[in-house]
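Okay, so here's the structure we're looking at.
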Amino acid sequence: MAQLIDPFARAISYLRVSVTDRCDFRCTYCMSEHMTFLPKADLLSLEELDRLCTTFIGMGVEKLRITGGEPLVRKGILTFFEAMSRHLTTGALKELTLTTNGSQLAKFVEPLAALGIKRINVSLDTLNPEKFARITRWGRLPQVLDGILAAQTAGLKVKINAVALKGFNEDELFTLTEWCAIEGHGLTFIEVMPMGDMAEATRLDQYWPLKDLRARLAERYTLTDLAERTGGPARYVRLEETGQKIGFITPLTHNFCESCNRVRLTCTGELYMCLGQEDMADLRAPLRANADDTILKTAIRAAIARKPKGHDFDYSRQQVTGQMPRHMSHTGG
Ligand code: SF4
């Protein structure tokens, strides 16, 4: 089947799939404490997600990143990973990965590793248990650290995604960096913009531009810019003293647009063609319209034909669509 190519000659090879809007944490910058989640009928079933992802893989998607909410709280999620792993076996899919808050990792990591998952992103903003409990409201740090350890033990590469928050984890910049160096984890910092549908009024005070964070890092380490590109918004440096690679993701970045290889699917079957624009295509209706995939494929091609050349990042929209700051940024993976 012909590869999906957008109007700007970019091959679409990366699909991020949110499998649930639910989460077992309530991070202050992401959700309110008392969330109303989507009705079940609106969500794609695991079988529908399988069909949709399989169709994309048949059209040239080689990398699948599973996200949420928290993907591992979706009931029966292992059957979905199992279904996707068949595409790893055939070689059609080069990588199957996920972004998680780590809470369920200890339970799931062994089966995930057995299914061919080789690396994961874990969202973790602080190594201080009290601060962790405060920012995630419902999360407990030891549980996440146990999960990360279990992932390492199972042979998975771990990348930590930390949201940079002024006055919150500013003082942990070096602690986090050193911990990742010792543990052998990758580390990416994510900038959040001081706007949008804020869960906390304090957000404005928490804006910590990554250029400032980077300057702080440079006080202690020698930073070498790396040319490496992932087709996403992350930029990387190497810390010469430790050899670590550190990523930076700024939501306003749009200089990766020309090499953008990705699209994003929500758990209700909406396909967002650009990270920073609100245009989306509903794939649930064509998916449910017919057991045959012809209508679905036509809808996918029509959507990709609308993929814009670039974006002016409308961050507030990302909030409205329920796509959280750090999960949005997982595009960097
Ligand atoms: S940021 Fe991630 S871990 Fe926190 S509430 Fe949102 S989905 Fe859950």
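Every number for a ligand or one of its atoms is a count from 1 in the order of the listing. Bear in mind that the values here come from a model prediction, so they are computed numbers and not experimental data. The residues of the chain are indexed from 1 along the displayed sequence.
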Lys NZ or Arg CZ of K307 over F8 ring: under 6.0 Å, within 45°: no
Which ligand 1 atoms, with their elements, are less than 4.0 angstrom from a heavy-atom of F25? 3 (S), 5 (S)
Please find out if atom 4 (Fe) of ligand 1 and some N, O or S atom of C23 are separated by less than 2.8 Å. no
Quick one: which residue pairs count as a ring pair (Phe, Tyr, Trp, His ring centres under 6.0 Å) with a foot in residues 85-132, not counting sequence neighbours? F25-F132
Cation-pi between R220 and F174: NZ/CZ under 6.0 Å from ring centre and within 45° of the ring axis? yes
Counting each atom of ligand 1 from 1 as listed, which ones have a heavy atom of G69 under 4.0 Å away? 7 (S)
Within residues 208-235 or reaching into it, pairs that qualify as ring pair (Phe, Tyr, Trp, His ring centres under 6.0 Å) - sequence neighbours excluded: none
Per-atom filter on ligand 1: closer than 4.0 angstrom to a heavy atom of N101 are 3 (S)
Has S123 got any heavy atom lying under 4.0 angstrom from an atom of ligand 1? no
Short N/O/S contact of C30 with atom 8 (Fe) of ligand 1 (below 2.8 Å): no
L88 and G116 have their tightest heavy-atom pair at CD1-O, 3.8 Å
